[in-house]
2 protein chains.
Amino acid sequence: MSLGERKRKILKAIIDEYIEHGEPVGSKVIAMHSGLDLSPATIRNEMSDLENMGYLQQPHVSSGRIPSQAGYRLYVDELMNGHKLTNTEIEAINQGLQLKMKELDELIRGVSRVMAQLTNYTTYAVVSGASEVCIRKFDLMLVDSRTVVVVMLSSRHDIRNTYLKTAFPITEEELSVLNRMLNQLFTNLTLDKIDMLLVRRAEREMGRLGVLVPPIVNFAAEVMEEGAENNVYVGGASRILSHPEYRDTAKAQKLLDFISERKGLSVADDEGVHIAIGRENNAEPLSDASVVYGSYGKGTPMQGTLGIVGPVRMDYAKVAANLNYFLTGLDKLLRETFSIEEE
Amino acid sequence: MSLGERKRKILKAIIDEYIEHGEPVGSKVIAMHSGLDLSPATIRNEMSDLENMGYLQQPHVSSGRIPSQAGYRLYVDELMNGHKLTNTEIEAINQGLQLKMKELDELIRGVSRVMAQLTNYTTYAVVSGASEVCIRKFDLMLVDSRTVVVVMLSSRHDIRNTYLKTAFPITEEELSVLNRMLNQLFTNLTLDKIDMLLVRRAEREMGRLGVLVPPIVNFAAEVMEEGAENNVYVGGASRILSHPEYRDTAKAQKLLDFISERKGLSVADDEGVHIAIGRENNAEPLSDASVVYGSYGKGTPMQGTLGIVGPVRMDYAKVAANLNYFLTGLDKLLRETFSIEEE
DNA sequence: ATTAGCACTCGAAAGTCGAGAGTGCTAAAA
DNA sequence: TTTTAGCACTCTCGACTTTCGAGTGCTAAT
């Protein structure tokens, strides 16, 4: 059953109005401000129809209507205007993007923070785990004669480090031998290719520095394991507090806790911005929240999803437009960084 | 004017009771549960005195008393019982400490998270800036023929990295020359010792790899600058929401915003646990919050302060005991790591 | 010095009431 | 057939009142 043009216009006007003001909207306001030249009574009839069709609902009989989740869905799919980014927004996004490109491993953390600032909603970024993680490079540095810092670069472009203490002093020369050996034996191997035999062999070959091998390999294994998992960052957690639908602290906390759990957040792996409204999120704590999300960096080792979480009454047009622009920019930067040519 | 023993006992009983239940306490409860063998009427007289002395206050005339900030101060200084850590707490702390000792630069972030989990309050950790920061080591890695990762280790034991792209392919050999040169020229220099002449000279000497010198030195300068600043991490931001005094979202947000500002938080540099109650914090947004904080790692490059922020009605005994134990453990670990012997 | 007794105060919860916004329905107008 | 004016009706919201009870301060007796 498809809606007539007039019903669509009225529905759109109601939702626009409700998104802006957050209060049930009555027939009078729509009659006046919608541009349609109709009396409140006519609007009322149409509203009644829209309610029967499931697009609107009435908190109580003597109050205006608010959109149902189905109503929002239709709005998002077919009714809402594209939001034209303001210059301020564009500038803020561009600036946000430049911020952290220097330090790739901090990038995503920063991105989710910037996006939170931009939209005033809580955001999350999921860095997708890769199935085949390996260590690209080991690098050992001597801090003092008995302290070694091990830096390793994974195929996911994580750079991780760990400190090791030795019982005896070691020299730069010894260390560089160990360094070379680690890079020969343990780079570009996925976790399942590293077995105890290999570790033993390395240990034996290295003489007295052999004791360093197991802790280093262990740490490497940890890095690889973590690299295989999705990694989630949350930005602007406290921002949901500024929205009236989360005036109730318990509700706010439930949502925040769920997000901080870092599980069950929507992940995209195709182009474009996705919107999940209320119960469309298949997670109970999100049943009265909406998530706007999209994928970035597809094809690069840093691919992932950036999402914005807010109340169902959210300015979808604006948020989606912002996210879209942000994603496009981020994508471009990542492609340049990882030298992926457009085909 | 010093308090008689009986008044002290009554005051202690009142504050204990109030901390536990959060509601104004009346004379009856104290008469029954305080162990003192006195009638409510007597208690009332004493309470009246205590109010005149400024240790208690009455929300309204027909309600029980609550402690004033001065009352809490006295309680904290002289009245409260030491809290004996439970086995569960000890275990949780020990586990929390081991968690991240491997990765020093992640350590403090982790510490503040663990402490938040432990106490169910919002926490912060300030890593003190050092006045004389320098780069200890540079380390260059070739990711692919035109991408270099620069890793640098600062005297603050920050390990930071940045990605550089070159217009032309470079070899391992070239890179190791650059690496050696950077380590010779730019390590162990504070920021004020690095001038353009030095950079120019290095640039010239390096031939075609010279173009890499300025961005690397710039980044190093950034790292040094940041190392001179205090660095603040916040843990468990959403936890204040679980305390009834922050049922009011606006209030909660004001406090959270202040903490996230990362400025004006109390820093300690002597032994032991400090407690600042309400307006004792010299920051307006903290005027009805309390901060329990203490210093760790004194003498190591990672020294700083760990603090817990909560409502004035806080279980000081428990929080202080937990923090104290945590700080001691952390301190010990840091001293071992940085090989500082006890004198 | 302590305590029982009692009048008093005041906040919180429940109840009452009128105003106003908004509806649905009906009958007239277009 | 569609639209609209008119009107009775519903229900929330805020203001006001009432009731209840916890807790007090004071007085007089112990």
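Heavy atoms only: backbone and side chains are in, while hydrogens, waters and symmetry mates are out. Just so we're on the same page: letters track the sequence lines, and every chain starts at 1. Everything numeric in this text was worked out from a predicted model, so none of it was measured.
Side-chain N/O atoms of A:Arg44 include none lying less than 4.0 angstrom from OP1 or OP2 on C:dT26. At the phosphate of C:dT9, neither OP1 nor OP2 sits under 4.0 Å from any side-chain N or O atom of B:Ser62.
Counting non-hydrogen atoms of other residues, nucleotides and ligands closer than 6.0 Å to CG of B:Asp37 gives a total of 12 or fewer.
Ring centroids of B:His243 and B:Tyr121 are separated by less than 6.0 Å, placing the two rings close together.
Per the geometry, CZ belonging to B:Arg65 stands 14 Å off P belonging to C:dC10, to the nearest Å. What separates CG of A:Leu56 from P of C:dG22 is a distance of 15 Å, to the nearest Å. Distance, B:Arg6 CZ to C:dT3 C1': 12 Å, rounded to whole Å. As rounded to whole Å, 7 Å separates atom P of C:dA21 from atom NZ of A:Lys28.
Extent of DNA chain D lying under 4.0 Å from chain A heavy atoms, first and last nucleotide in 5' to 3' order, is D:dT3 to D:dT12.
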Polar-atom pairs under 3.5 Å, protein N or O versus N or O of nucleotides 28-30 of chain C: list them with distances, or write none.
none

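Remark: of the listed residues B:Leu256, B:Leu255, B:Thr122, B:Leu255 is the sole one forming a side chain to side chain contact (heavy atoms under 4.5 Å, CB included) with B:Tyr246. Under the salt bridge (Lys or Arg N to Asp or Glu O under 4.0 Å) test applied with B:Glu51, the options B:Arg65, B:Arg44, B:Lys7 reduce to a single match, B:Arg65. With B:Phe326 as reference, B:Ile93 is the one residue of B:Ile93, B:Val273, B:Thr119, B:Ile308 to meet the side chain to side chain contact (heavy atoms under 4.5 Å, CB included) rule.
The pair B:Asp248-A:Arg247 does not count as a salt bridge, with every side-chain nitrogen at least 4.0 angstrom from each carboxylate oxygen. Ion pairing between B:Asp288 and B:Lys251 holds under the 4.0 Å rule for side-chain N and carboxylate O. Salt-bridge annotation for A:Glu78 and A:Lys12: absent, with no side-chain N of the basic residue lying under 4.0 Å from a carboxylate O of the acidic one.
In terms of position along DNA chain C, the nucleotide closest to B:Ser39 lies nearer the 5' end than the nucleotide closest to the other residue of the pair B:Ser39 and A:Val29. Where B:Val61 and A:Gly26 each meet DNA chain C at their nearest nucleotide, the meeting point lying more 5' is that of B:Val61.
Among the heavy atoms of the strands lying under 4.0 Å from B:Thr42 is at least one base atom, whether or not backbone atoms are also near.
If you check the side chains of A:Thr123 and A:Tyr233, you find no donor sitting under 3.5 Å from an acceptor.
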